[in-house]
Amino acid sequence: GAVVSQHPSRVICKSGTSVKIECRSLDFQATTMFWYRQFPKQSLMLMATSNEGSKATYEQGVEKDKFLINHASLTLSTLTVTSAHPEDSSFYICSAWGFSSYNEQFFGPGTRLTVL
Amino acid sequence: QQQVKQSPQSLIVQKGGISIINCAYENTAFDYFPWYQQFPGKGPALLIAIRPDVSEKKEGRFTISFNKSAKQFSLHIMDSQPGDSATYFCAAGSKNRDDKIIFGKGTRLHILP
């Protein structure tokens with residue numbers, strides 16, 4: 001299947017700093033990528049839809065000024081958590097549609113963010 | 001209309017048994033129904049997916065059964081193994097590749113050795 005990578009896999013930062021997470025589609029182009037957040041023992045919560053060359057679409061309740069998304073190319077989307085606080089600590093996962101016999105949505109390995 | 005309801009929340013099955021997880025959806029516009037397997041600390045991995053034009057799809061020990069009229073679909077894991085112990089998520093969405101998919105709340109499956 002299609003491969004989606006994320007970097008970094010883990011990040012620890014101090015409260016008040018900003019953290020950038022990268023999501024790459026390695027063997028296909030993705031005009032649309034999705035960013036999710038997952039708290040322990042919970043399901044994935046869609047945060048925003050990242051569109052190449054245009055503004056991201058945020059889900060209700062997600063602060064667009066806090067979670068900045070940039071989809072500058074067909075293979076790269078970035079999520080920047082600005083002025084991170086401990087409550088932003090979570091598992092962040094991106095996904096993208098890839099080609100196969102059906103169109104399938106593939107997920108990255110996730111980024112564990114810990115804000116001290 | 002956007003919900004996907006998944007049950008049970010947790011499931012314990014003996015090795016070699018059949019694990020069954022059920023999901024129900026509301027939006028009749030959904031036409032893509034994937035199942036994901038997630039191990040702790042890892043991203044979800046696509047396990048198997050089905051489109052509503054078929055009632056069943058089998059890949060190895062994993063089978064999706066789909067009932068369009070009831071708006072329900074289920075995952076069956078045959079000959080369950082300890083390595084199958086993970087969290088399973090059903091999801092639903094549309095074949096439009098730019099559309100989001102909606103996840104169920106997940107089922108934590110534990111296979112007893």
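Predicted model, so just to flag it, every value in this text is computed and none were measured. Within every chain, numbering begins at 1; the chains are lettered A, B, ... in the order of the sequence lines, protein sequences first and strands thereafter.
Under the 4.5 Å side-chain heavy-atom criterion for ILVMFWY residues, a single connected hydrophobic cluster contains both B/Ile64 and B/Val13. The cluster map of Ile, Leu, Val, Met, Phe, Trp and Tyr, joined by side-chain heavy atoms under 4.5 Å apart, puts A/Phe34 and A/Met47 in different clusters. Hydrophobic clustering (ILVMFWY, side-chain heavy atoms < 4.5 Å, transitive): A/Met33 and A/Tyr58 are in distinct clusters. Both B/Ile48 and B/Val54 are members of a single hydrophobic cluster when ILVMFWY side chains are connected at heavy-atom separations under 4.5 Å. Both B/Ile21 and B/Phe30 sit in one connected hydrophobic cluster of ILVMFWY residues. Membership requires side-chain heavy atoms under 4.5 Å apart, directly or through other members.
If you take CG on A/Leu46 and CD1 on B/Ile101, they are separated by 9.5 Å, rounding to the nearest 0.5 Å.
Listed by sequence position, A/Glu59, A/Phe91, A/Ile93 are the residues of residues 59-94 of chain A in contact with chain B, using a 4.5 angstrom heavy-atom cutoff. Along residues 34-46 of chain B, the residues that come nearer than 4.5 angstrom to chain A, judged on non-hydrogen atoms, are B/Tyr36, B/Gln38, B/Gly41, B/Lys42, B/Gly43, B/Pro44, B/Leu46 in order of number.
Proximity to chain B is absent for every atom of A/Gln6, based on heavy atoms less than 4.5 angstrom apart.
If you look at A/Phe107 and B/Phe103, their ring centroids are closer than 6.0 Å.
The number of heavy-atom neighbours closer than 6.0 Å to CZ of A/Arg10, taken from other residues, nucleotides and ligands shown, is 12 or below.
Residues A/Lys41 and B/Arg108 have side chains in contact (heavy-atom distance under 4.5 Å, counting atoms from C-beta outward).
Of all the heavy atoms in A/Gln38 and B/Phe89, the pair that sits closest is NE2-CZ, 3.6 Å. Considering all non-hydrogen atoms of both residues, A/Ser43 and B/Gly104 come closest at OG-O, 2.6 Å.
Considering only heavy-atom pairs separated by less than 4.5 Å from chain B, the leading option among A/Ser9, A/Gly110, A/Pro109 is A/Pro109.
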